[in-house]
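Below is one structure, written out as structure tokens; the observations come after it.
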Amino acid sequence: MQPNYHPQAIETAAQQYWEEQHAFRAEDQSDKPKYYCLSMFPYPSGKLHMGHVRNYTIGDVLSRYHRMKGCNVMQPMGWDAFGLPAENAAMANNVPPAAWTYDNIAYMRQQLKSLGLGIDWSREVTTCTPEYYRWEQWLFTRLFKKGIIYKKTAVVNWDPEDRTVLANEQVIDGRGWRSGALVEKREIPMYFFRITQYAEELLRDLDRLPGWPEQVKTMQRNWIGKSYGVRFAFPYTLDGKEEKLWVYTTRADTIMGVTFCAIAAEHPLATYAANNNPQLAAFIEECKRGGVAEADIATMEKKGMPTGISVTHPLTGEQVPVWVGNYVLMSYGEGAVMAVPAHDERDFGFAKKYRLPIKQAIQVANEIFSTDVWAEWYADKERGVCVNSGKFDGLNQEQAVDAIAADLATKGLGEKKVQFRLRDWGISRQRYWGCPIPIIHCITCGDVPVPDDQLPVVLPENVVPDGAGSPLAKMPEFYQTTCPKCGGKARRETDTMDTFVESSWYYARYASPNCTTGMVGKQAAQQWLPVDQYIGGIEHAILHLLYARFFHKLMRDEGLVQGDEPFKNLLTQGMVIAPTFYREETNGRKLWINPADVDVKTDERGRPVGATLRADGQPVIIGGTEKMAKSKNNGVDPQAIIDQYGADTARLFMMFAAPPDQQLEWSDSGVEGAYRFLRRIWNFANTHSPKGSNLNLQFNWGDAALSIKEWRREIHVIFKQADYDFGKNQFNTVASAGMKILNALERVPNAREGNPGVDVEAALFVIAEGFSILLRLLSPIAPHITQTLWEELGYGDDILTAPWPEVDEAALVQDEIELVIQVNGKLRGSLRVAKDADKATLEQLALAHEAVQKQLAGGAAKKIIVVPGRLINVVI
RNA sequence: GCCGGGAUGGCGGAAUUGGUAGACGCGCUGGACUCAAAAUCCAGUAUCUGCGAGGAUGUGGGGGUUCGAUUCCCCCUCCCGGCACCA
């Protein structure tokens, strides 16, 4: 055995051994229970970042743990290979996105292998290959024929200078990121997935996912946003014709407080009104400036302008003015809202700004209403009762909604309606690096899906986009085609699909990654789905996870998969964050400096007092601790850590530094601490030689010294807790349990130092047993060092298939326990007592306790609370 | 703005169901070893106070429930994630 710990050597050897053994091949046929462990696949951006390392280490820890528990584990990996960054890189380096992407994949695959991940590489999928996306196109054509996919217009960010559609992240302060031109909203035709048709089911099935974090389910519920309200109309006459302005509200009980209506700038009524109102036309133009991101629209200043048109209140018959409001969105509901300034905070602000009337329609007992300031209770659904509402006066929210909806229905002007906030999913992208939409446009036949035998529609790979418009739309060799129906000249669709589509079904493809006869092999899907454990970033809590759930239901309805949900258990991991450092440049801009180039100075208590740049010794400013990002230059390259300390150290640090679902703060000294611990394990194996054969030693436990039994008890207590923590995915305390076990083992009286009699054997046994527990406990986290030592010390050939340790309950038994003594809940002392002492005895002992006597000062106790096994609290 | 999280020593974090706050690690201080340094090992380390035994305070801030609250309830502040074309 090597005297020193050399991670590079043992890690290379272990990885080679696993590869030769095909150790991580998932068996399609097996008697063992299957465990499908999936980590979100990476976008091949160039090299791994710490977020990947964290994500994949968590997945690998769970995979290895379940393998030791006897499961047939499948842990696949692949590449989410279509996307915007490849186009940006292509433009920057004049390299086609395909070449850039494939190069990145090759490099990152090798990086993943050096982390020692137990991945079945025979199942690798790459979404930008025709073998993958052909099935996406195939499903598209099925759904198109079924009407699940349809076409309508949608509003996008339009860069008038580059004449191209921009992603939200490409709009910076209302301007295009490359051109700097003011961005406009523009309506273009798009294909949509009718996800709203599944809204009810997507909502309901959240209740059938006990293995998902409550937080994620809550976010999805709110996103789907089922509401019970009333859809009703304000009638009006326009050019002698009877028309209706439809709105939707969840607060029909406040309908008597309506003082105006607000409509979106794109609403037909607004367009009509603007015809002979240049001021209004100008305002509508102003509303069309800026991007489409909801966060921007919701935070911008609320503005409006009257249309000059009035509509009739459906119940009172009063005339209600109609305004155009920049905060009303055409894509939400009806594109028009009733405004009740007295009972909606946003309407209140709007009414104050434009001096519109405010009419109270709800009252809460003992509150005073004032139109001067907004008060929380104005919108109170629970306590509010109708006032100034004629026959509805005195009704509570529920009663009022019922009565008002009934009245509206009688007049044929409205009805109760369940509505969802969720909108249909627009998937058309005017981009090159994505999956081509398999539609052919024919003048006579319309939109015709590409027939199966003409799939896939292959994306040409040797294209470098130029940032202006869609490259495919400039390639006649791509778009010129013939209609599959009539054989006439036709034009191929040149939009590609949203890259969320690829990531919505990859989990299913892994079951049969090379299937050439279908999207998924039926047998394989039945064997492997659903995913038992899915792991990924919390930032995907809504969109990706909702789309994948939706796709599973679509595939189920096509008869491709069984079950209603794709992911049984979900673990959302936190971000990796790191300190930031910067210098102010003369123009006031911040120059961000990488933490690796900075020395931090501390005072005598370890508090940071300043930092300097290593290159010039001059001070730098210490910024906050933020998500590792290029923009703040605070990323730490995982490769540098692996090269210097080895994969086991990187993995151990990531698991130890924080629980998986919380953010993880990067710390160079923390990494060194992890390395130091692994080296201590190695040294312990060298100096104590805790051989596997020592587990066969013969001795009599009954004669063993109490201290030896105490040490064994401590190790089993630590392991029991660690095993429990493992089940909770709390790997940071599992790692710390490993440290505690090693600390304990180092304190066990060394048998070779001459402890007399039978204790030598007992001590050797306890050390060997403890060490074997330690190696197995840590093997999912630090697989290389534990595999090497397991084999070298003769515990077995392969720790991968070693049985998970078991707690010896007999070792945990204690005759005496320590109880805490409290007076009025304050710690005042402790007491050693027999483990089965009765309550009366304990009370006696507590009262007699010196510290309690002192507190009592001759008085009597009011009450004594005994918590068995924990404490005695004397109340005085 | 809306939805969802988070806040505990100098730092990361621990505390099973409301029951000893600060496990484990980092950092720091002192010591051993060394010609010296690194590495390693040993001891100490929430704050204030006290020679000491001890005492008081303390889990973002304010209030409440309880014999007892980091944990449960109400209000507030700050930080982070998402908001439909980044992935």
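Residue numbers start from 1 in every chain, and the chains themselves are labelled A, B, ... in the order their sequence lines are given, proteins ahead of strands.
Which of B:U40, B:C24, B:C26 sits closest to the side chain of A:Ser667 comes down to B:C26.
Figure legend. B:U66 is base-paired to no nucleotide; pairs are counted as Watson-Crick or G-U wobble with both atom distances under 3.5 Å. The partner of B:C35, taking Watson-Crick or G-U wobble pairs whose two distances both stay under 3.5 Å, does not exist in any strand shown. Across all strands shown, nothing is found opposite B:C86 as a Watson-Crick or G-U wobble partner with both distances under 3.5 Å. Both distances falling under 3.5 Å, in either a Watson-Crick or a G-U wobble arrangement, place B:C11 opposite B:G25. Pair assignment for B:G54: B:U49, on the basis of Watson-Crick or G-U wobble contacts that are both within less than 3.5 Å. Searching all strands for a Watson-Crick or G-U wobble partner of B:U17 with both distances below 3.5 Å returns nothing.
Between B:G10 and B:U47, the distance separating the two P atoms is 7 Å to the nearest Å. Using P as the reference atom, B:U71 and B:G64 are 15 Å apart when rounded to the nearest Å. Comparing the P positions of B:A37 and B:G52 gives an interatomic distance of 32 Å, to the nearest angstrom. Between B:C42 and B:A46, the two C1' atoms lie 23 Å apart (nearest whole Å). Here, B:U8 and B:C3 have their P atoms 25 Å apart, quoted to the whole Å. To the nearest whole angstrom, the two P atoms, one in B:G44 and one in B:C24, are 12 Å apart. Here, B:A69 and B:G63 have their C1' atoms 14 Å apart, quoted to the whole Å. With P as the reference atom, B:G68 and B:U57 are 15 Å apart, rounded to whole Å.
Within the structure, a side-chain polar atom (N or O) of A:Gln730 is placed less than 4.0 Å from OP1 or OP2 of B:A15. At B:U20, none of the side-chain N or O atoms of A:Arg828 fall inside 4.0 Å of OP1 or OP2 (strictly under the cut-off). The side chain of A:Asn732 contributes no N or O atom lying less than 4.0 Å from OP1 or OP2 of B:G25. Taking 4.0 angstrom as the limit, A:Asn222 places none of its side-chain polar atoms (N or O) nearer than this to OP1 or OP2 of B:C2.
In the model, A:Tyr332 has a side-chain atom that pairs as donor or acceptor with a side-chain atom of A:Glu294 under 3.5 Å.
For the pair A:Asp380 and A:Arg383, the salt-bridge criterion is met [side-chain N within less than 4.0 Å of a carboxylate O]. A salt bridge between A:Lys740 and A:Glu714 is absent, with no side-chain N of the basic residue lying under 4.0 Å from a carboxylate O of the acidic one. Looking at A:Asp498 and A:Arg429, a side-chain N of the basic residue comes within less than 4.0 Å of a carboxylate O on the acidic one, giving a salt bridge. Using a cutoff of 4.0 Å between basic side-chain nitrogens and carboxylate oxygens, A:Glu850 and A:Arg828 are not scored as salt-bridged.
Atom CD of A:Gln822 and atom P of B:G18 are 17 Å apart (whole Å). Nucleotide B:A39 holds its C1' atom 18 Å from the CH2 atom of A:Trp682, rounded to whole Å. If you take CZ of A:Phe731 and P of B:A14, they are 14 Å apart, rounded to a whole angstrom. Computed from coordinates, the A:Ile821 CD1 to B:G19 P distance equals 18 Å when rounded to whole Å. The CZ-C1' distance, from A:Arg346 to B:C2, rounds to 10 Å in whole Å. The CH2 atom of A:Trp666 sits 16 Å away from the C1' atom of B:C11 (whole-angstrom rounding). Straight-line distance from the NZ atom of A:Lys728 to the C1' atom of B:A14: 10 Å, rounded to whole Å. A straight line from CG of A:Asn686 to C1' of B:U40 spans 15 Å, rounded to a whole angstrom.
If A:Lys863 and A:Glu665 are placed on RNA chain B by their nearest nucleotide, the residue sitting closer to the 5' end is A:Glu665.
Counting any heavy atom pair closer than 4.0 Å across all strands shown, A:Lys826 reaches sugar-phosphate atoms only and no base atom. Using a 4.0 Å heavy-atom criterion, one finds that A:Val820 contacts the bases of the nucleic acid, with or without backbone contacts as well. A:Asp725 comes within 4.0 angstrom of nothing in the nucleic acid, heavy atoms only. If you check every strand for non-hydrogen atoms under 4.0 Å, A:Thr218 touches sugar and phosphate atoms only. Contact annotation for A:Glu672: no contact, since no heavy-atom pair falls under 4.0 Å across all strands.
Side chain of A:Arg431 to backbone of A:Ser470: no donor-acceptor contact under 3.5 angstrom is found.
When all heavy atoms of A:Ile297 and A:Asn326 are compared, the closest pair comes out as CG2-O, 4.2 Å.
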Quick one, give me the B/S/- string for nucleotides 78-87 of chain B, reading 5' to 3', where B means a protein heavy atom under 4.0 Å from the base and S means that only happens at the primed atoms, P, OP1 or OP2. --SBSBBBSB

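Both the sub-6.0 Å distance and the 45° axial angle are satisfied by A:Arg421 relative to the ring of A:Trp223.
Expressed to the nearest 0.5 Å, how far CH2 of A:Trp177 lies from CD of A:Gln170 amounts to 4.5 Å.
At a cut-off of 3.5 angstrom, the base of B:C67 holds at least one donor-acceptor pair with the side chain of A:Asn873.
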Evaluate side-chain contact (heavy atoms from CB on, under 4.5 Å) for A:Asp725 paired with A:Phe731, printing each intermediate quantity in order. CA-CA 7 Å; A:Asp725 291 348; A:Phe731 308 124; over 6 Å; no

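A glycosidic torsion no more than 90° from 0 defines the syn conformation; B:G6 lies beyond that range and is anti.
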